[in-house]
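Here's the structure we're looking at; comments come further down.
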Amino acid sequence: MRAETQNHIAEIERSLELLAQRMDRETAGHRLEELNARVENPDLWNDPEAAQKLMRDRQVLVDAIETHDGIARELSDNRELIELGEMEGDAEIVAEAEAVLAELAGRAAHKSLEALLDGEADANDAFLEVHAGAGGTESCDWASMLARMYLRWAEGRGYKVELQSENAGDEAGIKSATYKISGPNAYGWLKSESGVHRLVRISPYDSAAKRHTSFSSVWVYPVVDDDITIEVNPADIRIDTYRSTGAGGQHVNTTDSAVRITHMPTGIVVTSSEKSQHQNRDIAMKALKSRLYQLELDRRNAAITEAHESKGAAGWGNQIRSYVLQPYQMVKDLRTNHETSDTKGVLDGDLDAFMAATLALDLSGKSRADAQAT
């Protein structure tokens, strides 16, 4: 067996060991039996929220078992194929199995990295905010491109996306938008995207076809679930209602249904503009609690605190990633130095490699300066 293939096998075995440790493979089967028994209880859905949490926990465990055991089976099957091919002198079988193991090593590494999303809120859903920086129409258009990028990423993972609020640009794009993104580890993956994103391109709004630089910021917060209690003093908030408009025309919604909540001690402002004012209050309060919870997480983590305190305006010196479309094609993360020339793929939602690189950097304990020096 070639040394390269032996290295791939060793990498897969290390990934399997980590996956097994993270879910406690020895007890996983017993825990799944217990969850299955609870799912079959006819009284389960008397408490819909508890039932949904149980179903999510069960699915997470099922996915973890299937991932680990599936990779283990593929490893065993292809090792046997290589041994058989070498015994029979069938180079074609050996080559095919080696190619599968090379691909499996990368896939297993990605799954093991995903298993490390065990922060306090990593498994939670996420609120994602996109804000245009200074620059008028250019920045508003860039903000809408970023929003689309994250929506495509979420759709590719099978996540549910709900628009919470949106403030359209004067001529094009958006000034700001907030989305709730629901799915396994949504916050764990998206948290690495908080920061300022810089775009360099030939402006479609410039008749002279000059190159423009635009900035927009992205901020991600975990959705607070029932396991996390956040107390909000009613005296600390101001609730405003204002007119929410629909799609226009004679059926435009002109009721004072939209809600804006301001948390005065921190200056946090959240909005929601659904049709029901009661629903908007509920959505906005959940968003506020999520923001306050994020602040608490930041206080516990010095690195995150430093990043949030220094985020400043969406402009030079604060960006985490650059997207250059002219005079060359390159997307580069300034924290990890991970880069790609496939700008179209990235803007279409191919972000996993960037997220994984940042997660790996955080887990390694390296600073941004350390990563840039390598």
Side-chain angles (χ1 to χ4, degrees), residues 52 121 124-133 137 139-195 197 199 216-225 239-249 251-263 268-294 314 346-349 351 355:
Q52 290 174 357
N124 289 31
D125 299 336
F127 287 115
L128 181 142
E129 296 181 4
V130 181
H131 297 273
T137 301
S139 291
C140 289
D141 189 48
W142 172 221
S144 68
M145 291 169 64
L146 278 175
R148 175 186 177 276
M149 180 180 76
Y150 289 113
L151 297 188
R152 295 294 296 271
W153 174 83
E155 290 167 0
R157 280 184 165 262
Y159 288 175
K160 179 182 178 181
V161 178
E162 300 170 82
L163 177 65
Q164 304 294 294
S165 64
E166 183 177 276
N167 184 10
D170 293 333
E171 297 181 24
I174 57 174
K175 292 180 179 177
S176 64
T178 302
Y179 302 90
K180 180 182 178 183
I181 299 180
S182 306
N185 294 319
Y187 174 69
W189 283 112
L190 283 167
K191 66 183 181 182
S192 65
E193 296 301 294
S194 285
H197 298 246
L199 173 70
S216 289
S217 62
V218 173
W219 305 111
V220 179
Y221 312 92
V223 174
V224 178
D225 58 25
I239 301 178
D240 300 309
T241 58
Y242 58 98
R243 186 159 294 179
S244 174
T245 58
H251 301 298
V252 65
N253 173 18
T254 58
T255 62
D256 291 331
S257 63
V259 170
R260 178 189 297 112
I261 297 180
T262 303
H263 187 251
I268 291 174
V269 178
V270 292
T271 61
S272 182
S273 52
E274 296 294 331
K275 292 182 179 179
S276 163
Q277 186 176 123
H278 177 75
Q279 181 183 19
N280 283 330
R281 284 176 179 259
D282 183 55
I283 291 172
M285 279 302 297
K286 287 181 178 178
L288 174 60
K289 289 181 178 181
S290 294
R291 294 283 297 273
L292 293 173
Y293 178 57
Q294 179 67 46
V346 171
L347 292 173
D348 280 338
L351 293 167
M355 294 177 176

Heavy-atom closest pair, residues Ala143 and Val130: O-CG1, 3.5 Å
Heavy-atom pair with the smallest gap, counting every atom of Ser216 and Ser139: OG-O, 3.3 Å
Using a 4.5 Å cut-off on heavy atoms from C-beta on, say whether the side chain of Glu162 contacts that of Ser182. yes
So if I apply the side chain to side chain contact (heavy atoms under 4.5 Å, CB included) rule between Ile261 and each of Ile283, Val269, Ile239, which one comes out positive? Ile239
To the nearest 0.5 Å, what is the distance between NE2 on His263 and CE on Met285? 8.5 Å
Please lay out, stage by stage, how Val223 and Lys286 fare under the test side chain to side chain contact (heavy atoms under 4.5 Å, CB included). CA-CA 7 Å; Val223 174; Lys286 287 181 178 178; 5.9 Å; no
Please check if the side chain of Ser290 supplies one atom and the backbone of Pro222 the other of a donor-acceptor pair under 3.5 Å. yes
When rounded to the nearest 0.5 angstrom, what distance separates CG in Asp348 from CG in Leu151? 12.0 Å
Please round to the nearest 0.5 Å and tell me the distance separating atom CG of Asn124 and atom CD1 of Ile181. 13.5 Å
Return the set of residues passing side chain to side chain donor-acceptor pair (under 3.5 Å) with Ser144 (not counting sequence neighbours), or none when no residue passes. none
By salt bridge (Lys or Arg N to Asp or Glu O under 4.0 Å), Lys180 pairs with (sequence neighbours left out) none
Nearest non-hydrogen partners of Leu190 and Ala126, listed with the distance: CD1-CB, 4.1 Å
Candidate pair Leu288 and Ile268, rule side chain to side chain contact (heavy atoms under 4.5 Å, CB included), full reasoning: CA-CA 7 Å; Leu288 174 60; Ile268 291 174; 3.9 Å; yes
Side chain to side chain contact (heavy atoms under 4.5 Å, CB included) between Tyr187 and Val220, worked out: CA-CA 7 Å; Tyr187 174 69; Val220 179; 3.8 Å; yes
Distance check, rounded to the nearest 0.5 Å: Glu166 atom CD versus Thr271 atom OG1? 10.5 Å
Going through the distances and angles, do Phe127 and Arg291 end up as a side chain to side chain contact (heavy atoms under 4.5 Å, CB included)? CA-CA 9 Å; Phe127 287 115; Arg291 294 283 297 273; over 6 Å; no
Residue set satisfying ring pair (Phe, Tyr, Trp, His ring centres under 6.0 Å) with Tyr179, at least two apart, ordered chain then number -> none
Hits for salt bridge (Lys or Arg N to Asp or Glu O under 4.0 Å) against Lys175, two or more places apart or cross-chain, chain-then-number order -> Asp170
Got a sec, which residues hit side-chain contact (heavy atoms from CB on, under 4.5 Å) with Ala168, two or more places apart in sequence or on another chain? none
Give every donor-acceptor pair under 3.5 Å between a side-chain atom in residues 152-159 and any protein atom, sequence neighbours left out.
from, atom 1, to, atom 2, distance (Å)
Trp153, NE1, Asp352, OD1, 2.8
Arg157, NH1, Glu114, OE2, 3.3
Tyr159, OH, Pro184, O, 2.4

Would you compute the distance between atom OG1 of Thr178 and atom CD of Glu129 and round it to the nearest 0.5 angstrom? 4.0 Å
CG (Leu128) and OH (Tyr221) are apart, to the nearest 0.5 Å, by 9.5 Å
With side chains defined as the heavy atoms from C-beta onward, is the minimum distance between Ile174 and Asn167 less than 4.5 Å? no
